[in-house]
Structure formats: C-alpha cells, structure tokens
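See structure below.
Computation of the quantities below employed the complete heavy-atom set of this structure, encompassing side-chain atoms and omitting hydrogens, waters and symmetry-equivalent molecules.
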Number of protein chains: 2
Amino acid sequence: MTLEYYSMPGFLIRRLHQISISVFEDKTRSAGFDLTPVQYSALNALEEYPSIDQKTLAGLIAHDRVTIGGVVDRLVSKGYAIRSVNPNDRRSKAHDITPSGRKLLAAIRPYVLEAQKTMLTGLTKQERKALMELMKKTVAEGNALSRAPLTELD
Amino acid sequence: MTLEYYSMPGFLIRRLHQISISVFEDKTRSAGFDLTPVQYSALNALEEYPSIDQKTLAGLIAHDRVTIGGVVDRLVSKGYAIRSVNPNDRRSKAHDITPSGRKLLAAIRPYVLEAQKTMLTGLTKQERKALMELMKKTVAEGNALSRAPLTELD
DNA sequence: CATTTTTATGTAGTATACTACCTTTTTCTT
DNA sequence: AAGAAAAAGGTAGTATACTACATAAAAATG
C-alpha cells in the first residue's frame, strides 16, 4: 500500500533536498573537507563579491539574515572569512574571504561538482537537462514565495 | 553578474525546498492551522498505518529516527497522536492518530493540496507533469543516497 | 540458559531555517 | 537640528535534520 503523499510535489522536493545534502556531505567529507552546503555557498559568494554586508550576502544566496549570521560565525571561526565593521556605516559589517578560504574553495570545488552529478544519478543526460530547466523556471517563478528570496546585485 | 552556483542542482533543489516549505506554511497558517509539513506527513502516515512504531513511521516518511521522535512529541502534545508502550515488545512504542488528529487532517487537506499547486506556480500543466515525473525518478534512483531512505511496508 | 548481539528508543550536541523582538546607527521629515 | 522612521545586526526561541553515544529490552548463540 502506498501513501498518496508520495506523489506530492512537497514530498518529492523534500526528498530531493535530503538526497542533495547527503551526497554533498558524502563527497566532500570523504575527501577530507568539513564544509556544509550553506557554508560553501556563502564562501562562494564572498569570493565573487568583496566586502559585502550580511544582508547582501543573505540575498545573494537566498537565505534569511539570521541563518547567515550563524553561518558566517562558523566561517570566521574556521578562518575562511573575516567580518569587520564598515567604517562608512557602523550598523553594517563588511565580509571578506581569506586566502585560506580561497584555497579551500579551489580544493573543494571538484568534489562539489561531482556531488551535483551524483545527486541526479539515474537520469539520462536529456532528463537531467530537462529537470534542470524545469527547476530553474519553478525557482524563478516562485522566488517571491519563499521567506528569503534571491536578491541579485545591480 | 551571476554566480555559476545559481545553476547547480543543489542550489535549485534547496530553493525549491524553501519555496515549498514557505508556501505550505502560508496556505495552512492563513487558514488557521498550526501544523508543519513534517507533522502533516507523520500524521498522514499514522492515519494510514495504525499502531506502528517510531522506526517504521520514520521509514514510511523518509525521516531519520531522532527527528521523528521530536515530531511525534509535538503531535502528542497537541493531542493529534498517542504514543503507548507496545506490550509485545517493551522496547518499542505504538503510535496512533486520535479523533482530533483525524479531524485536523480532513480539515487541512484542501489547503495542503492548494499549496502543492501554488509551489509549482508558473509552470504549464505539461511542465508540471514533466517535473513531477523527473523528480519521482530522481528520488527513486537516489533513495539509498540519503541518510533516511524511504522504507515502505510489505 | 547464560552471554553476546541486535534492536528500539532516548540524550546530547551541531547546523540549518526560520519568527519575534531588541539595540544601535543612519536617514528622513518637519 | 530635533524627533520619527527605517535599516543592519544581534538575541531568544522553535522546529527540522542530523551524528554520536547511552540504555534497556529482545533475539541469537554457544
């Protein structure tokens, strides 16, 4: 007997997410790294955008402000990022990746890419492409529906 | 300037998940309910499978054991489920939905279904169907890759 | 049948992912 | 320029979603 629940979008999406997180952890941890998906995304954004504040960083990776505060705390304590007070606006903090953070990103990237392939195991190349396009469209259309929408710069 | 990160499966899946959770909360809370997606799925499974233990419940909805312990705690404290010691095996607990839980499920179901549609806003009927099929396949193929695989009964 | 092993659950601890509220600093209005 | 409004970040609290370890009960083994 099968639950009708198994064919609901919400269930399939959650399962996809659990698989994604798990594969990321497997691939990176077995290669000797200790970085979560969110920490990777934050560090990746800091590499691309120097000295951004916490709110901007959160928007760039579509996370809420408070979550990112903790994520950055951990990146800082691991020595991968620096948080400093912005002298122009003493309310906000400027965030930057450290050389150690850059080195980590370069080293971990191949394993992150490998994880991306593994999590779509069992799909043909065409199916993968189709899934990606559909997810992109859904995510773009539904951006405003999430608590922490993506906010790109410019 | 756009991060390449935005076209990674892992990012798209996480965004999908954030949107899904958020829409579920919006639709149900605005209708006066106070139930999370996981609580809904657990209660839904308890309605279908009477007197199952915690491990079985966790497998049926693809969650890890410990998470489900807490979820059931909250269902019990809200009066939607009952946890009793299994007299045949005093290690395990039998879980059952209460009449109040059944009433809640019947009442909330329309809003849950509405949420399922809303989270795929912007897709045509065909695209929705295609996305669902691709997600189903990915989830089935990747089931063993997650920490808490789905374990159906029989 | 005593001992080992396995199994179901619980506890402690960490990391997202939020809401609600508070503080500080800046900006806007009058 | 004084006071109000807005904006950035922090704190407390809740709910997933895990890992690692501990406990108690049942099953398997000699």
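At whole-Å resolution of the value, CD1 in A:Ile61 and C1' in C:dA17 are 12 Å apart. Taking atom CZ of residue B:Arg147 and atom P of nucleotide C:dA15, one finds them 16 Å apart after rounding to whole Å. Rounded to whole Å, atom P of C:dT14 lies 14 Å from atom CZ of A:Arg29. Atom CD1 of A:Ile19 is separated from atom P of D:dA17 by 13 Å (rounded to the nearest Å). Rounded to whole Å, the distance from CG on B:Asp26 to P on C:dC18 is 12 Å. Separating the CG atom of B:Leu145 from the P atom of D:dC18 is a distance of 13 Å, rounded to the nearest angstrom. Atom CG in B:Leu75 sits roughly 12 Å away from atom C1' in D:dA15 (whole-Å rounding). If you take CG of B:Asp64 and C1' of C:dG10, they are 13 Å apart, rounded to a whole angstrom.
Under 4.0 angstrom from either OP1 or OP2 of C:dT16 there lies no side-chain N or O belonging to A:His63. A sub-4.0 Å separation between OP1 or OP2 of C:dT16 and a side-chain N or O of A:Arg74 is present. Between A:Gln39 and the phosphate of C:dT16, there is a side-chain N or O to OP1/OP2 separation shorter than 4.0 Å. Listed pair A:Gln18 / D:dC18 meets the phosphate criterion, a side-chain N or O lying under 4.0 Å from OP1 or OP2. Taking only side-chain nitrogens and oxygens, B:Lys55 comes nearer than 4.0 Å to OP1 or OP2 of C:dA8. Within the structure, a side-chain polar atom (N or O) of B:Thr36 is placed less than 4.0 Å from OP1 or OP2 of D:dT16.
Minimum atom distance to the side chain of A:Asp53 is reached by D:dG9, of the listed C:dT16, D:dG9, D:dA15. Checked against C:dA12, C:dT9, D:dG9, the side chain of A:Ser92 finds its nearest nucleotide in D:dG9. Checking C:dT11, D:dA17, C:dC18 against the side-chain heavy atoms of A:Val66 singles out C:dC18 as nearest. When distances are taken from the side chain of B:Arg65 to each of C:dT9, D:dT16, D:dT19, the shortest belongs to C:dT9.
The nearest pair of heavy atoms linking B:Gln54 to B:Gly69 is NE2-CA, 3.5 Å. Considering all non-hydrogen atoms of both residues, B:Val38 and B:Val71 come closest at CG1-CG2, 3.7 Å. The two residues A:Thr118 and B:Leu145 come nearest to each other via the heavy atoms O-CD1, 3.8 Å. Residues B:Leu60 and B:Tyr49 approach most closely at CD1-CD1, 3.6 Å, considering heavy atoms. In plain terms, the two heavy atoms of B:Leu57 and B:Ala45 that are nearest each other are CD1-CB, 3.7 Å.
Across all strands, B:Glu25 comes closer than 4.0 Å to no nucleic acid atom at all (heavy-atom distances).
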Which letter, B, S or -, goes with each nucleotide of nucleotides 23-28 of chain C from 5' to 3', with contact meaning a protein heavy atom under 4.0 Å?
-BBS--
Just do the salt bridge (Lys or Arg N to Asp or Glu O under 4.0 Å) check on A:Asp53 and A:Lys55 with the steps written out, would you?
CA-CA 6 Å; A:Asp53 65 17; A:Lys55 194 203 173 187; over 6 Å; no
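Both B:His95 and A:Ser146 lie close to DNA chain C; mapped to their nearest nucleotides by heavy-atom distance, the more 5′-ward contact belongs to B:His95. For the pair A:Lys93 and A:His17, both in contact range of DNA chain D, the more 5′-proximal nearest nucleotide belongs to A:Lys93.
Between its two ends, the helix from C:dC1-D:dG30 to C:dT30-D:dA1 turns its axis by 10°, counting five pairs per end and rounding to 10 degrees.
Of the candidates B:Arg15, B:His17, B:Gln18, B:Arg15 is the only one forming a side chain to side chain donor-acceptor pair (under 3.5 Å) with A:Ser146.
Annotation: ring pair (Phe, Tyr, Trp, His ring centres under 6.0 Å) contacts of A:Phe24 (sequence neighbours excluded): none.
In terms of hydrophobic clustering, with Ile, Leu, Val, Met, Phe, Trp and Tyr side chains grouped at heavy-atom distances under 4.5 Å, A:Val139 and B:Ile21 are assigned to different clusters. Transitive grouping of hydrophobic side chains (ILVMFWY, heavy atoms separated by less than 4.5 Å) keeps A:Ile82 and A:Leu43 in distinct clusters. Put simply, A:Ile52 and A:Val66 are part of two different groups of oily side chains (I, L, V, M, F, W, Y) that touch within less than 4.5 Å, one to the next.
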